[in-house]
Amino acid sequence: MSDSRKIVSIVVPFFNEGRNVELFAQGLTPTLAELADITFEIVCVDDGSEDDTLARLIALAKTDSRFRVIELSRNFGKEAALTAGIDHAKGDAVIPIDADLQDPPELIAHMIAAWRNGAEVVLARRIDRSVDPLLKQRSAAWFYRIYNRLAHLKLPENVGDFRLMDRAVVEALKTLTEQQRFMKGLFAWVGFRTVTLDYQRRARSSGATKFSGWKLWNLALEGFTSFSTLPLKVWTYIGLAGALATAAYAFFIVLRTLIIGIDVPGYASLLVAILFIGSLQLVSIGVLGEYIGRIYMESKRRPTYIVRRRYGGSDES
Ligand code: UDP
Ligand code: MG
């Protein structure tokens, strides 16, 4: 596919990244210059930033026509911002990348080379996450371990949203219309011929991470419930096991009463049994709630994001 001039879209979500706008553009420029035979468009999504991110992005789009800006009407979260960017990208290949330069732009040249060799998806795997806090590294490792064991979908480990996708993959992705989007899962679900490259994760160029522990926990929940119904079904087996154990214990009590008579003490064991079963029931109702809540939200069919305005490129509005 090297004969005709290809367009590659780079999709970047920005949420309160004012100080990173110019840093990002500077970091990206050498790579774009190196790949002179490709036309680039950089789709910057402003995810309802409260600082000067939008103003800086608009200024950038004015001086460099390759940059386009999609302004969302409020903060919709990274998954929605990415979706917005991918929906607006026009390229033959699309590369989502973080605005904080934690994903090295140099890798884009290698991704494009792999794509030209026939790969439809090029994944970027972090071989070294030592810049992330230890707790995040550990929890991420556990997430992948549990996820890949329980969910039907296999998520490639240590692969983020940074990747290259051919137009065919992007079109497939667009047919997945769910409103609650776990992008990593959706990316993996569509499949296609995949090649993996390794890279070193860098420290943030400026500012702090937007993902607190609580946000990550909710992202993990979203990931599980989007691609597995196991948490719903497991209660049948827990219940069956409980019922079997109870039957065995009942049989034992009947025998013991017949042999050594009625034995009155038993307050502690009774209380423990009641509390244990009660808690188990609450947990199972909670799991039901997670799924029903998602069915409810999904049934409203609200859009994933709302665009306020677009700047730059041919779609100035
Ligand atoms: N981001 C976003 N909306 C949000 C949170 C984050 O668009 O609600 C963007 C953020 O600006 C950055 C990318 O998502 O470009 C990754 O965020 P961050 O660096 O905070 O995540 P981490 O690298 O710590 O996982
Ligand atoms: Mg980051």
Side-chain angles (χ1 to χ4, degrees), residues 9-28 42-57 60 67-89 94-105 107-108 124-126 128-144 155 157-163 179-187 199-220 222-223 304-308:
S9 305
I10 296 179
V11 171
V12 206
F14 286 81
F15 176 52
N16 294 344
E17 303 276 10
R19 283 164 50 80
N20 281 329
V21 171
E22 284 85 21
L23 288 175
F24 175 76
Q26 283 161 17
L28 192 62
I42 298 109
V43 184
C44 304
V45 183
D46 175 54
D47 188 16
S49 299
E50 286 143 12
D51 63 357
D52 56 352
T53 301
L54 180 67
R56 288 183 188 225
L57 285 175
L60 185 62
F67 283 81
R68 286 163 58 203
V69 184
I70 312 291
E71 180 196 357
L72 301 188
S73 59
R74 64 170 171 84
N75 178 246
F76 283 90
K78 185 184 178 187
E79 313 295 302
L82 263 185
T83 307
I86 291 170
D87 286 350
H88 285 83
V94 175
I95 305 178
I97 185 170
D98 283 359
D100 55 10
L101 292 179
Q102 282 199 287
D103 308 326
L107 207 66
I108 290 175
R125 182 167 51 201
R126 312 159 193 174
D128 176 11
R129 295 184 68 143
S130 53
V131 299
D132 283 333
L134 200 64
L135 186 66
K136 188 166 181 178
Q137 291 178 43
R138 292 279 91 225
S139 57
W142 274 102
F143 171 74
Y144 286 114
L155 283 185
E157 248 176 85
N158 286 321
V159 171
D161 298 322
F162 185 36
R163 63 185 63 209
Q179 190 243 332
Q180 297 154 85
R181 305 182 76 78
F182 178 62
M183 292 309 276
K184 258 185 233 210
L186 300 181
F187 286 151
Y199 76 101
Q200 300 254 339
R201 185 93 167 141
R202 290 206 201 125
R204 244 180 176 273
S205 49
S206 163
T209 176
K210 310 290 184 298
F211 286 90
S212 60
W214 181 244
K215 246 181 156 179
L216 283 174
W217 164 250
N218 278 304
L219 189 65
E222 191 64 59
T304 307
Y305 59 88
I306 306 265
V307 175
R308 180 184 287 132

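Since the structure is predicted, the reported quantities are computational estimates derived from the model, not experimental observations. Counting convention: from 1, in listed order, for ligands and their atoms alike.
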| query | Relative to atom 3 (N) of ligand 1, which among D98, D47, D46 owns the nearest non-hydrogen atom? | reply | D47
| field | ligand 1 contact on V12 by region, counting heavy-atom pairs under 4.0 Å | value | neither
| field | Euclidean distance, R74 CZ relative to D47 CG, rounded to 0.5 Å | value | 9.0 Å
| Out of curiosity, L72 CG to R308 CZ, how far, rounded to the nearest 0.5 Å? | 9.0 Å
| Identity and distance of the protein heavy atom lying nearest atom 18 (P) of ligand 1 | R204 NH2, 3.4 Å
| said: Quick check on contacts: which atoms of ligand 1 are under 4.0 angstrom from a heavy atom of D100? | reply: 19 (O), 23 (O)
| said: If we check side chain to side chain contact (heavy atoms under 4.5 Å, CB included) with V69, which of these qualifies: L57, V43, V45? | reply: L57
| task | Determine yes or no for a side-chain-to-main-chain donor-acceptor pair under 3.5 angstrom, with R181 supplying the side chain and L82 the backbone. | result | no
| task | State plainly whether the residues K78 and D98 are in salt-bridge range, i.e. N to O under 4.0 Å. | result | yes
| request: Among all protein heavy atoms, pick the one closest to atom 24 (O) of ligand 1 and tell me residue, atom and distance. | output: T209 OG1, 2.5 Å
| field | Protein residue, atom and distance nearest to atom 25 (O) of ligand 1, heavy-atom basis | value | K136 NZ, 3.0 Å
| task | Measure the distance from atom 10 (C) of ligand 1 to every protein heavy atom, then report the residue, atom name and distance (to 0.1 Å) of the closest one. | result | E17 OE2, 3.2 Å
| Going by the order shown, which atoms of ligand 1 are within less than 4.0 Å of some heavy atom of A99? | 15 (O)
| Does S9 use its side chain to pair, donor to acceptor, with the backbone of V94 at less than 3.5 Å? | no
| message | Would F15 count as a polar contact of ligand 1, with the cut-off being nitrogen or oxygen pairs under 3.5 Å? | response | yes
| message | Students should be able to answer this: which protein heavy-atom is nearest to atom 23 (O) of ligand 1, and at what distance? | response | Q102 OE1, 2.7 Å
| E71 (side chain) donor-acceptor with D46 (main chain) under 3.5 angstrom | no
| request: Please report which non-hydrogen protein atom sits nearest to atom 15 (O) of ligand 1, along with the residue it belongs to and the distance in Å to one decimal place. | output: P13 O, 2.7 Å
| task | Over all heavy atoms of both residues, which pair between T304 and F76 is shortest? Give the atoms and the distance, please. | result | O-CD2, 3.4 Å
| remark: With heavy atoms and a 4.0 Å threshold, my read on which part of K78 contacts ligand 1 is both
| Does D51 use its side chain to pair, donor to acceptor, with the backbone of G18 at less than 3.5 Å? | yes
| field | Protein contact to atom 5 (C) of ligand 1 [nearest heavy atom, distance to 0.1 Å] | value | K210 CB, 3.6 Å
| query | Please state which protein non-hydrogen atom is closest to atom 17 (O) of ligand 1 and give its distance, to 0.1 Å? | reply | F211 CE1, 3.7 Å
| said: Taking N, O or S atoms only and a limit of 2.8 Å, check whether D100 reaches the Mg ion (ligand 2). | reply: yes
| field | F143 vs L216 side-chain heavy atoms within contact, under 4.5 Å | value | no
| remark: Near N75 (heavy-atom distance under 4.0 Å), the atoms of ligand 1 are 3 (N), 4 (C), 8 (O)
